[in-house]
2 protein chains.
Amino acid sequence: MTTALRADAQRNLVRVLDAAREVFAEQGIDAPVTDIAERAGVGVGTIFRRFPTKDDLLVAVVEQRTVQLIDAADAALESTDPGAALRSFMETAAAMHISDVCWCEAGSDLFGRDGIRELIDVLVGKMGELLTRAQTAGQVRSDVRALDIPVLLMAVAKSGLMLEEAVPGAWKRYLGIILDGLRPEAARPLPRRPLSRREFAAARDGQTA
Amino acid sequence: MTTALRADAQRNLVRVLDAAREVFAEQGIDAPVTDIAERAGVGVGTIFRRFPTKDDLLVAVVEQRTVQLIDAADAALESTDPGAALRSFMETAAAMHISDVCWCEAGSDLFGRDGIRELIDVLVGKMGELLTRAQTAGQVRSDVRALDIPVLLMAVAKSGLMLEEAVPGAWKRYLGIILDGLRPEAARPLPRRPLSRREFAAARDGQTA
DNA sequence: CCGTAACCGGAGTCCTGAGTCCGTTTCGTG
DNA sequence: CACGAAACGGACTCAGGACTCCGGTTACGG
C-alpha cells in the first residue's frame with residue numbers, strides 16, 4: 001500500500017478539487033460530475049477513482065470551505081474591538097456563504113459527516129468566543145447564544161442567494177437588519193429558548209430529536 | 001369545446017390538487033409525480049391529462065399558497081394595532097412558509113410565472129400597507145421598505161427549515177431577532193439602499209438586471 | 001338501457017446523470 | 001531504454017423520474 005501518488009495523479013487530484021469547488025459553488029450540489037470533469041480537463045473515471053462517490057467529492061469540498069470559515073473566525077478574533085470583530089466576521093462569513101451555492105444547499109447529509117461534524121463544532125466554538133466577547137463589551141444582547149450565529153448566517157445567505165444574481169450584494173442590507181436585531185437593548189424577550197447543544201447536533205446530523 | 005368536467009374527472013382533479021399540495025409541501029419541489037398519483041389514488045396518466053407538465057401542477061399549487069398569504073395579510077389589515085398587525089402577520093406568514101417546503105424552494109421559475117407574478121405583486125402591496133401603518137405608528141424603523149418583508153420572511157423560512165425537523169418551532173426565535181432588527185431606533189444606517197421595484201422584479205422573474 | 005365520447009390506469013419510452021470497465025497511455029525504476 | 005504498474009478517458013450500464021399511449025372503464029344523453 002503506497003501512500004505517494006504518482007506525479008500525474010497528484011496533479012489531476014488538485015485540478016479535480018479546484019474544478020469541483022468552482023462548479024459546486026456556482027451550480028450547487030446538483031451539478032453533474034461530468035461538468036467538473038470537463039472543467040478539470042479530465043475524464044469522469046479519473047474523478048471516481050479518487051472519490052468513489054460524488055458525495056465523497058462534496059464532502060472534500062465542504063470540508064475546505066469549513067476550514068476557510070474557521071480561518072475567518074480566527075482572523076476576527078485578532079481584533080481588539082469585540083463588537084466590530086463579530087460584525088466583520090459575520091459580514092465576511094456571509095459573503096463566503098453567498099459565493100458558494102453548494103454550501104448554502106448543504107444539509108445534515110453533509111454537515112453531519114464524520115470529518116465535517118467536528119470542524120463545524122470548532123467553527124461554532126470560535127463564533128461563541130466572538131459572541132461572548134461582544135456581549136461582555138456590552139455590544140450585543142445577552143440572550144443570544146453561539147448556536148444562533150450559524151443559523152442567522154444561513155438565513156442571510158439563503159435569502160440573499162435568491163437576489164444575488166439580479167441584485168448583487170443585496171444580502172448586506174438584510175445582514176444589517178439582523179445585526180440591528182442583535183443590539184443590546186432587546187425590544188422584547190425572544191419567543192423561544194435558545195437551541196440546546198443536543199438540538200443543534202440533532203439538526204446538524206439529521207436526527208429527529 | 002365543453003367547459004364542464006365529467007363528474008369523476010372533477011372529483012379526481014380535486015384529489016390531485018389536494019395530494020399535490022400535501023406532497024410538495026412535505027417533500028419539496030423534487031417530489032416525484034408518482035407519489036402524488038399514489039396519494040391521490042389515481043394513475044399518473046390522470047394527472048398529466050389535466051396538467052401537461054409537472055411544472056403546471058406546481059404553478060397551480062403555488063398559486064393557491066400565494067392566495068392564502070394574501071388572505072393572511074388581509075386578516076392582519078383588520079387589526080387596529082399597526083405594530084402588532086405587522087408582527088402577527090409575519091409570524092403567520094413565516095409559519096405558512098415553514099409548513100411548505102415547496103414554497104421555500106420556489107424561485108424565479110415559479111414566482112415569475114404569469115399567474116403568480118401578479119399575485120406576488122398584490123401580496124407585496126398588502127405587506128407594504130401593513131408596514132407603512134406600523135411605521136406611521138412609530139413601531140417600525142422608517143428605512144425599511146415593503147420589498148424587504150418578503151425577503152426577511154424567506155430568510156426566516158429557509159433557515160428555519162434546516163432546523164424544523166429536529167427542533168420544531170425554532171424559527172420563532174429567529175423571527176424574533178429580525179423583528180427586533182425592525183425596531184424604530186436603528187443602531188446604524190443600513191449598508192445598502194433598498195431594493196428598487198425593478199430590482200425586485202428582476203429577481204422574481206429570474207433576469208439579470 | 002344503450003351507445004359513445006370522455007376518462008382512467010399504469011406499463012412502456014425516453015432522457016439525464018451516477019458510477020463501471022477496460023483498452024490505451026504515462027510514469028518511474030532497474 | 002524497457003517494462004510493469006499505475007493512471008487515464010470516455011463509452012457503457014443502470015436507476016430514477018417525467019411524460020406517452022392505448023386497451024379497458026365510466027358517465028350520461030337519448
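Note that the structure is a prediction, hence the values are computed from the model and not measured. The chains referred to below are lettered A, B, ... by the order of the sequence lines, with proteins before strands, and numbering in each begins at 1.
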ask   = Using a heavy-atom distance cut-off of less than 4.0 Å, which residues of residues 24-47 of chain B contact DNA chain D?
value = Ala31(B), Pro32(B), Val33(B), Val44(B)

Between the side chains of [Y] and [X], is the shortest nitrogen-to-carboxylate-oxygen separation below 4.0 Å, so that they form an ion pair?
| X | Y | answer |
| --- | --- | --- |
| Asp121(A) | Arg204(A) | yes |
| Arg183(A) | Asp180(B) | no |
| Glu199(B) | Arg192(B) | yes |

Measure [atom1]/[X] against [atom2]/[N] and give the value in whole Å, please.
| X | N | atom1 | atom2 | result |
| --- | --- | --- | --- | --- |
| Phe48(B) | dG10(C) | CZ | P | 15 Å |
| Gln10(B) | dA6(C) | CD | P | 17 Å |
| Phe51(A) | dT20(C) | CZ | P | 15 Å |
| Arg15(A) | dC8(D) | CZ | P | 10 Å |

Arg141(B) side chain vs Gly181(B) backbone, donor-acceptor pair below 3.5 Å = yes

ask   = Is there a donor-acceptor pair under 3.5 Å between the side chain of Arg133(B) and the backbone N or O of Leu77(B)?
value = yes

Protein proximity profile, nucleotides 23-30 of chain D - base contact B, sugar-phosphate-only contact S, no contact -, cut-off 4.0 Å on heavy atoms = ---BSS--

inquiry  = If we check side-chain contact (heavy atoms from CB on, under 4.5 Å) with Lys126(A), which of these qualifies: Ile70(A), Asp71(A), Leu131(A)?
reply    = Ile70(A)

request  = Using side-chain contact (heavy atoms from CB on, under 4.5 Å) as the criterion, list what pairs up with Val23(A), not counting sequence neighbours.
outcome  = Gln27(A), Ala31(A), Asp35(A), Ile36(A), Arg39(A)

query = Quick one: is dC8(C) close enough that its OP1 or OP2 comes under 4.0 Å of any side-chain N or O from Asn12(B)?
reply = yes

query = Would you say Arg50(B) reaches dC8(C)'s phosphate, i.e. side-chain N/O to OP1/OP2 under 4.0 Å?
reply = yes

inquiry  = For the CD atom on Glu38(A), are there more than 12 heavy atoms of other groups (residues, nucleotides or ligands in this structure) within a distance under 6.0 Å?
reply    = no

message = What's the closest nucleotide to the side chain of Arg49(B) if the choices are dG9(C), dT20(C), dT20(D)?
response = dG9(C)

